[in-house]
Amino acid sequence: MSLVVVGSVAYDGVETPHGRVERMLGGAATYIALSASYFTQVRIVAVVGDDFEQADTELLASRGIDLEAWSACRERLFFGPANIPTI
């Protein structure tokens, strides 16, 4: 059995009381695919921006994730800043 993941591949900026990261790999499709790749063959269907870093493509490919079904656009990738307060 295999899994097709359709969703967002993005970069996130995260700030918590313990620190701040300006830009890190994020997006639901990214993390679903990485997790599922330990159990089955995975293909991602998504649009990525022209600023998607080669190292992140290599990370996904290193887990055997099929990236043939995603397309690159000539715009920046979706970016989602987040501020996580102390609970």
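Within the 4.5 Å cutoff, the side chain of Leu59 has no heavy atoms near those of the Thr57 side chain. Considering only heavy atoms from C-beta on, Arg23 comes within 4.5 Å of Glu53 through its side chain.
Between the CG atom of Asp66 and the CD atom of Gln41 there is a distance of 7.0 Å, given to the nearest 0.5 Å.
Of all heavy-atom pairs between Phe52 and Leu25, the closest is CE1-CD1, 3.8 Å. Between Ala36 and Leu3, the closest heavy-atom pair is CB-CD2, 3.6 Å. Pairing each heavy atom of Ala46 with each of Gly7, the nearest pair is CB-O, 3.4 Å.
The backbone N or O of Ile32 sits nowhere less than 3.5 Å from a side-chain atom of Ser35 that would complete a donor-acceptor pair. For Arg63 (side chain) and Ser37 (main-chain N/O), a donor-acceptor pair under 3.5 Å exists by modelled atom type. Judged by distance alone, the side chain of Ser8 and the main-chain N or O of Gly27 form no donor-acceptor pair under 3.5 Å.
In this structure, a donor-acceptor pair under 3.5 Å is present between the side chains of Tyr11 and Asp56.
If you run side chain to side chain contact (heavy atoms under 4.5 Å, CB included) between Ile44 and each of Val6, Val9, Val4, only Val9 comes through.
At most 12 heavy atoms of other shown residues, nucleotides or ligands fall within 6.0 angstrom of atom CD in Glu68.
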Exercise for review: Apply side-chain contact (heavy atoms from CB on, under 4.5 Å) to the pair Val5 and Val45, showing each step before the final yes or no.
Suggested key: CA-CA 6 Å; Val5 179; Val45 177; over 6 Å; no
